2 protein chains.
Amino acid sequence: MKRATLKEVAQLAGVSTATVSNVINSKKYVSSEVKQQVFSAMQTLNYQPNTIAKSLRKQESRIVGLLISDIANPFFASVAKGIEKELADNDYNVLLCNTDSSVERERENLEGLIGKRIDGLIVSSAGNTGDYFRSLEETGVPIVFLNRCPQFMNCDVILTNNMRGAYNATEHLIRHGYQRIGIITGPTSLSTGKDRLTGYRRALEDYGVTEQEDLVKEGRFDIESGYEKMKELMEQENKPDALFISNNSMTLGGYKYLREKGIRIPEQLAVIVFDDPEWAELVDPPVTAVRQPSYELGMQAAKLMMASIKDRKTKHDIMYMDPALIVRQSCGCPAVS
Amino acid sequence: MKRATLKEVAQLAGVSTATVSNVINSKKYVSSEVKQQVFSAMQTLNYQPNTIAKSLRKQESRIVGLLISDIANPFFASVAKGIEKELADNDYNVLLCNTDSSVERERENLEGLIGKRIDGLIVSSAGNTGDYFRSLEETGVPIVFLNRCPQFMNCDVILTNNMRGAYNATEHLIRHGYQRIGIITGPTSLSTGKDRLTGYRRALEDYGVTEQEDLVKEGRFDIESGYEKMKELMEQENKPDALFISNNSMTLGGYKYLREKGIRIPEQLAVIVFDDPEWAELVDPPVTAVRQPSYELGMQAAKLMMASIKDRKTKHDIMYMDPALIVRQSCGCPAVS
DNA sequence: CGCTTTTGTTTAATCGTTTAACTAAACTTG
DNA sequence: CAAGTTTAGTTAAACGATTAAACAAAAGCG
């Protein structure tokens, strides 16, 4: 069954298409008689306006692209949920693109999205430079960067205060008297990876602890590299007595290794992790975590986006959300402070 | 900066729009001279075809709607990832709609998607009847139901073999000698909830165990109800000695309660859960789980969708994916068999 | 050399809306 | 009551692509 068009509705109601359009969008004043006619015509034809045609004419798609590395990562899933909610409330839809952290796929997806004439893009880029976003930006499409901070562009950025989160975590470990505090960090090509590492370093500095090079391992924010790096750390001469892990996925990998080897937490190794997924309090032992407000992060990103699209906001912000340290049992006795 | 149109490219290249179109889509034979001209014009104007116009003309959007209850649930997140991957490989995009299990929002979203003229819909409905999908189906848009089985419609359905999964889990508990095997099931208005309950019952029957009404609790597939129902079970006279929990979220809630009360698994309560999220082997104790092939489920759903869209497949399938029982430590000693 | 066929390109209609510009009727108003 | 204003609705041109049909030039052919 073909869908009815506005024209057909107009014919049936015995009016012009313009009038039908006006009725639908309640633009101009239309007599209630005619309105009734139109409504009933719409009813009988089961008319549903064609958004594509509308988009073409109005030059807006009411679609926002979402470019993220891994929707299966609970952090991103939660972010996506926040974004979807906020956008839906404003009658915008989300086009989901998963990049698997591949710059290649990111670029391809971006091209597709440009073609689709998205009204905005929310992105947590896999790349470090992000120069290929330029061509989108130049056409006036607002971009919100999520937990990634491109150097040069004039667009909104929303970030967890990664440095502070990492600083607090490290500080916590220092205050508990740990001497050899290691870190499994993310790719330093990403601002999240870099900032968390910086936070860790600042804390060490501030407390006069000298950094030990072999206690700093760079992973790839995924499960496998978490396992690998944990292995490296625990098999080397100079083992850490405490460890800060930079995200949830690497924690899964790391914990896996520790479990296999029967290494006890926190007796043999104290652990604090960045991200606070729902399983954090159920693993053995419950893990002390730096919680990013992921859902709120998504909502805020979407709000910034709406402000750019609807209110034509052109002054762009960089917005920090503060993470919270949730102390559980993986980081040593609740002493000192 | 306005985006260039095909017309402008044509002008610059000194040819007609039809020719440019032909070059882009390599439809008809175009002399390589002209081709060069067109390409270079496209280059200098930084031309990106407008998909919206194309959609309108060709009457296809190359967008598939995805309607799910909660993208933050790792099961759905993984499903979504599989769908996105498979669709992207076929040059289709995913429009993500989160319904929060609200039939209301589901209906609203559906309307929006119809307006957007999606080429297909993949849905894990929150409702039981799903009659409002009819209007979409009638226009010839293929629908794939995911883990939900509407009675009447002529569309593809892809299901985890919920009954078998639940049966196997229950059987496993019975064979380990448990006497009072309980279940926290999902809403029986959903086929997932119902089928898992049925599987549980069949197993009991087959082994001549009589069902005890007060050991069967119906949750809502979310964390809160998991906590509630676990509480009810463990505070009543007739406590279970083993429990089958119907999904991952309710497990989180249930485990939370057990941890609070210091109830030991499996000594005081053996547990098997449906779904095998990434944290399953890290919680204390690692949980025996019925693993649904979530990513593959998503991929298959997308494949069915592509078959319907591209190959005009009209004969529709109901496809079962078999879950696997992953035995860990939460369900008693690895004895018997 | 004329005739058909092939090749390469153009013309113009179309997809389903919105909206600026226009019109005709009804209503004010001095 | 003539002139201006308001009201309620129509006409037709966009938006940016695709594509059937038309066409001109070149090639093939006896």
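Below, read A as the first sequence line, B as the second, and so on, with proteins coming before strands; counting in each chain starts at 1. Computed from a prediction, not measured in an experiment: that's the story for all the values here.
Of the possible polar contacts, none joining the S78(A) side chain to the F75(A) backbone as a donor-acceptor pair under 3.5 Å is found. A donor-acceptor pair under 3.5 Å links the side-chain atoms of N147(A) to the main chain of T160(A), judged by distance alone. One N or O on the side chain of S55(B) and one on the backbone of E60(B) form a donor-acceptor pair closer than 3.5 Å. Checked by atom type and distance alone, the side chain of D70(B) pairs as donor or acceptor with a backbone atom of A72(B) at under 3.5 Å.
From the 5' end on, the contacts that DNA chain D makes with chain B at under 4.0 Å to a non-hydrogen atom open and close at dG16(D) to dA21(D). Counting 5' to 3', DNA chain C first comes under 4.0 angstrom of a heavy atom of chain A and last does so at the ends given by dG16(C) to dA21(C).
Not counting sequence neighbours, the partners of F145(B) by the ring-ring contact (aromatic ring centres under 6.0 Å, His included) test are F133(B). Here T51(B) pairs with nothing under the side-chain hydrogen bond (donor to acceptor under 3.5 Å, both in side chains) rule; sequence neighbours left out. Under the rule for a side-chain hydrogen bond (donor to acceptor under 3.5 Å, both in side chains), N50(B) has no partner lying at least two apart in sequence or in another chain.
Note on D222(B) versus R220(B): salt bridge recorded, some NZ/NE/NH1/NH2 to OD/OE distance being below 4.0 Å. Here K85(B) does not pair with D100(A) in a salt bridge; the nearest charged N to carboxylate O distance is not below 4.0 Å.
Sorted by first and then second residue, the pairs that involve residues 11-23 of chain B and meet side-chain hydrogen bond (donor to acceptor under 3.5 Å, both in side chains), not counting sequence neighbours, are S16(B)-T19(B), S21(B)-N25(B). Residue pairs meeting the salt bridge (Lys or Arg N to Asp or Glu O under 4.0 Å) criterion with at least one partner in residues 133-150 of chain B, sequence neighbours excluded, are R134(B)-E137(B).
Along DNA chain D, the nucleotide nearest to S16(A) and the one nearest to S21(B) differ in position, and the one closer to the 5' end is contacted by S16(A). Both V34(B) and L56(A) lie near DNA chain C, and the one whose nearest nucleotide falls closer to the 5' end is V34(B). Mapping E33(B) and K2(A) onto DNA chain C by nearest heavy atom places E33(B) at the nucleotide closer to the 5' end.
Using a 4.0 Å cutoff on non-hydrogen atoms, the parts of residues 3-15 of chain A near DNA chain C are T5(A), L6(A), ordered by number. At a non-hydrogen distance threshold of 4.0 Å, Y47(B), P49(B), N50(B) from residues 44-52 of chain B come into contact with DNA chain D.
Note on the helix from dC1(C)-dG30(D) to dG30(C)-dC1(D): terminal axis deviation equals 50°, with five pairs used at each end and the result rounded to 10°.
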Please table the atom pairs, donor to acceptor, closer than 3.5 Å between any side-chain atom in residues 109-124 of chain A and protein atoms at least two apart or in another chain.
residue: N109(A); atom: ND2; partner: R105(A); partner atom: O; Å: 3.0
residue: K116(A); atom: NZ; partner: N93(B); partner atom: OD1; Å: 3.0
residue: R117(A); atom: NH1; partner: I114(A); partner atom: O; Å: 2.9
residue: R117(A); atom: NH2; partner: Q48(B); partner atom: O; Å: 3.0
residue: D119(A); atom: OD1; partner: S61(A); partner atom: N; Å: 3.1
residue: D119(A); atom: OD1; partner: S61(A); partner atom: OG; Å: 3.3
residue: D119(A); atom: OD2; partner: S61(A); partner atom: N; Å: 3.1
residue: D119(A); atom: OD2; partner: R62(A); partner atom: N; Å: 2.6
residue: S124(A); atom: OG; partner: L146(A); partner atom: O; Å: 3.3

Indicate every side-chain donor-acceptor pair of residues 32-47 of chain B with a distance under 3.5 Å to a residue at least two apart or in another chain.
residue: S40(B); atom: OG; partner: Q37(B); partner atom: O; Å: 3.2
residue: T44(B); atom: OG1; partner: S40(B); partner atom: O; Å: 3.4
residue: T44(B); atom: OG1; partner: A41(B); partner atom: O; Å: 3.1

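Residue M305(B) holds its CE atom at 14.5 Å from NZ of K303(B), rounded to the nearest 0.5 Å. For the atom pair CD1 (I83(B)) and CD1 (I71(A)), the distance works out to 11.5 Å, reported to the nearest 0.5 Å.
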